[in-house]
Student: 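I have a structure here, written as structure tokens, and I will follow up with some questions on it.
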Amino acid sequence: MSVQPLLDALDLQEDAAQALADDLRAQIEELQGRLREAETQLEHPAITRRTVNALADRLPALPAPPEHPDHPRILAVFNPPAGCASASC
């Protein structure tokens, strides 16, 4: 009995497994690159948030807007009382 056909079949199986492993390694490399990009994109808002918070702590408080005699009427136009369709209620 010749073992050559068995060895040939093993070679084919090994080649197929090697090709699959190479393909999977290439996919993993691509995914790792995409993951690095996504992680970098996640860092940007976090850095910005820390910067804004640090700067906000240093900014002086905004002054109150000046009072105007028509201020309550203006607010009433935009915020009518509950159950009222207009400021004339």
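As the structure is a computational prediction, the values presented were derived from the model and not from experiment.
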Student: Step through the shown structure and confirm whether more than 12 heavy atoms of other residues, nucleotides or ligands are within 6.0 Å of CD on Q4.
Tutor: yes

Student: Does atom CD of E14 have more than 12 heavy-atom neighbours from other groups under 6.0 Å away?
Tutor: no

Student: To the nearest 0.5 Å, what is the distance between CD (E29) and CG (L24)?
Tutor: 13.0 Å

Student: Name all residues meeting the salt bridge (charged side-chain N to carboxylate O under 4.0 Å, His left out) criterion together with D15; count only those two or more places apart in sequence or in a different chain, and write none if there are none.
Tutor: none

Student: Quick one: CG on L20 to CZ on R25, what's the gap to the nearest 0.5 Å?
Tutor: 9.5 Å

Student: Roughly how far apart are E30 CD and I28 CD1, rounded to 0.5 Å?
Tutor: 11.5 Å

Student: Output side-chain donor-acceptor pairs under 3.5 Å for residues 43-61, partner residues at least two apart or in another chain, one line each.
Tutor:
unit_1	atom_1	unit_2	atom_2	d
T48	OG1	H44	O	2.9
T51	OG1	I47	O	2.9
N53	ND2	R49	O	3.3

